[in-house]
There are 2 protein chains.
Amino acid sequence: MALNQVFKALSDPTRRGIIRLLGHGERTAGELSASFDMTKPSMSHHFAVLKEADLVTSRRDGQQIYYSLNTTVLEDVMTRIWDLFGSDNPKGNSIL
Amino acid sequence: MALNQVFKALSDPTRRGIIRLLGHGERTAGELSASFDMTKPSMSHHFAVLKEADLVTSRRDGQQIYYSLNTTVLEDVMTRIWDLFGSDNPKGNSIL
DNA sequence: CGATTATTTAGATTGTTGTCTAATTATCTC
DNA sequence: GAGATAATTAGACAACAATCTAAATAATCG
């Protein structure tokens, strides 16, 4: 997991909004897009960034693509953020 | 605290490196700069970004400027990241 | 005050990101 | 297969970010 990509993905408010919506369960690309004042291609770009960071997964069902939170990544992210701020990390700079 | 700025600040590996070093205690701008293969003005820029995000504080002592982690912000950051991923946030989208 | 050291600010450059419109792919239905 | 719908990909463009060199500010010390 690339911590860099995770932070970049989270640094955009639209993407945090997408994540928040997905916290309530999977949604189609169209449903998510309807919640933001932005074109669908722009939303599609944000989906791609979130997928690249491994924060969401997608599956196609017919014409629609459903997005979900990749919950298995969250614990890892939190641990590494915690480590980042802690002073007792035995690994030194290895996970910068 | 602007979550946007926090994530942007953390999305650069040099800045995460600075934070990690500061986890061991305060350091001068010069000490921090010596740990990275980058000019001092570039490092100074990173310090400014971290300060802007309220992740570090600084104090001058003579010719040197000492940087420290702003530890009071960490708990807040962690809480808000946690909320971001949780499905039971009563505030809806208010803290995007 | 003049020289030296520590650090920041200014300005330029190059690469990256967010957004759009237009075009494309994938699927469904008739 | 043709038309309609859902979503992505391609390409362009403006705004932003990371880095550098050169210049400026701040403090110390003789």
Side-chain angles (χ1 to χ4, degrees), chain A residues 2-22 25-70 84 93 96, chain B residues 2-22 25-70 84 93 96:
Chain A
L3 202 52
N4 230 329
Q5 290 177 296
V6 170
F7 281 121
K8 283 197 166 136
L10 294 177
S11 72
D12 182 275
T14 299
R15 291 193 286 264
R16 289 202 299 282
I18 292 167
I19 285 176
R20 187 172 298 283
L21 288 177
L22 292 180
E26 69 176 4
R27 296 283 187 274
T28 68
E31 287 169 343
L32 291 170
S33 297
S35 298
F36 298 87
D37 185 17
M38 192 173 292
T39 64
K40 285 178 183 184
S42 296
M43 291 298 294
S44 196
H45 161 72
H46 288 307
F47 301 151
V49 172
L50 289 169
K51 277 180 71 171
E52 192 69 24
D54 210 26
L55 289 169
V56 307
T57 57
S58 66
R59 70 182 176 86
R60 176 181 281 275
D61 181 15
Q63 282 173 282
Q64 275 136 94
I65 293 184
Y66 284 86
Y67 286 97
S68 326
L69 270 190
N70 185 353
L84 182 64
N93 289 338
L96 294 185
Chain B
L3 201 53
N4 230 330
Q5 289 177 295
V6 170
F7 281 121
K8 283 200 162 129
L10 294 176
S11 72
D12 182 276
T14 299
R15 291 194 286 264
R16 290 201 301 280
I18 292 167
I19 286 177
R20 188 172 297 286
L21 288 176
L22 292 180
E26 69 176 4
R27 295 283 188 276
T28 68
E31 287 169 344
L32 291 170
S33 297
S35 298
F36 297 86
D37 185 19
M38 193 172 292
T39 64
K40 285 178 182 186
S42 296
M43 290 298 293
S44 195
H45 160 72
H46 287 306
F47 301 152
V49 172
L50 289 169
K51 278 179 70 172
E52 191 70 24
D54 210 26
L55 289 168
V56 308
T57 57
S58 66
R59 69 182 177 86
R60 177 181 280 276
D61 181 14
Q63 280 174 283
Q64 276 136 97
I65 292 182
Y66 284 86
Y67 286 96
S68 326
L69 270 191
N70 184 354
L84 181 63
N93 288 338
L96 293 185

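Labels below follow one simple rule: chain letters A, B, ... track the order of the sequence lines, proteins then strands, and each chain is numbered from 1. Here the structure is a predicted model, which means the values were calculated and not measured.
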Q: Please tell me which of the listed nucleotides, C/dT9, C/dT21, D/dT19, lies nearest to the side chain of B/Met38?
A: D/dT19
Q.
Both A/Arg60 and B/Lys8 contact DNA chain C. Which one's nearest nucleotide lies toward the 5' end?
A. B/Lys8
Q: Any chance you could lay out the side-chain hydrogen bond (donor to acceptor under 3.5 Å, both in side chains) test for A/Ser58 and A/Lys51, step after step, and finish with the verdict?
A: CA-CA 8 Å; A/Ser58 66; A/Lys51 277 180 71 171; 2.9 Å; yes
Q: For B/Leu10 and D/dA17, give me the distance from atom CG to atom C1', rounded to whole Å.
A: 16 Å
Q) Hey, does B/Thr28 reach any base, or is it just sugar-phosphate, or nothing, if we go heavy atoms under 4.0 Å? A) sugar-phosphate
Q | A/Gln5 side chain near A/Asp54 side chain, heavy-atom distance below 4.5 Å | A | no
Q: Please report, rounded to the nearest Å, how far the C1' atom of C/dT8 is from the CZ atom of B/Arg59.
A: 18 Å
**Q.** Among C/dT7, C/dT19, D/dT19, the one nearest A/His46 by side-chain distance
**A.** C/dT19
Q) Taking the side chain of B/Gln63 as its heavy atoms from C-beta onward, which of D/dT19, C/dA6, C/dT19 lies nearest to it? A) C/dA6
Q) Quick one: A/Ile65 CD1 to D/dT9 P, roughly how many Å, whole number? A) 8 Å
Q. Are B/Tyr67 and B/Ile18 side-chain neighbours, meaning at least one heavy-atom pair lies under 4.5 Å?
A. no
Q. For B/Tyr66, is the NZ or CZ atom of B/Arg59 found under 6.0 angstrom from the centre of its six-membered ring and inside 45 degrees of the ring axis?
A. yes
**Q.** Min side-chain heavy-atom separation B/Val56-B/Ser68 under 4.5 Å
**A.** no
Q.
Measure CD/B/Glu52 against C1'/D/dC16 and give the value in whole Å, please.
A. 14 Å
Q | Between C1' of C/dG18 and CZ of A/Arg15, the distance in whole Å | A | 8 Å
**Q.** Phosphate OP1/OP2 of C/dC20 contacted by A/Ser42 side-chain N/O (<4.0 Å)
**A.** yes
Q) Could you state the CZ-P distance from A/Phe36 to C/dC20, rounded to the nearest angstrom? A) 13 Å
**Q.** Nearest listed nucleotide, side chain of B/Asp12, among D/dA18, C/dT5, D/dT8
**A.** D/dA18
**Q.** Per A/Pro41 side chain, nearest of listed nucleotides C/dA6, C/dC20, D/dT9
**A.** D/dT9
Q. Could you state the interatomic distance from CD (B/Glu26) to CG (B/Leu21), rounded to the nearest 0.5 Å?
A. 13.5 Å
Q: From the options D/dT19, C/dT8, D/dT21, select the nucleotide whose nearest atom is closest to the side chain of B/Thr39.
A: D/dT21
Q: Write down the distance between CD (A/Glu26) and P (D/dA7), rounded to a whole number of angstrom.
A: 12 Å
(Q) Can you identify which nucleotide, out of C/dT19, C/dT17, D/dT8, has its nearest atom closest to the A/His45 side chain? (A) C/dT19
(Q) Categorize A/Tyr67 for me: base, sugar-phosphate, or nothing, with a 4.0 angstrom heavy-atom threshold over every strand shown. (A) sugar-phosphate
Q | Residue mapping more 5' on DNA chain C - nearest nucleotide basis, A/Asp61 or A/Lys40 | A | A/Lys40
Q. B/Arg16 has an atom CZ; how far is it from atom C1' of D/dA18, in whole Å?
A. 15 Å
Q.
Students often get this wrong, so: under 4.0 angstrom with heavy atoms, is A/Met43 touching a base, only sugar-phosphate, or nothing?
A. nothing
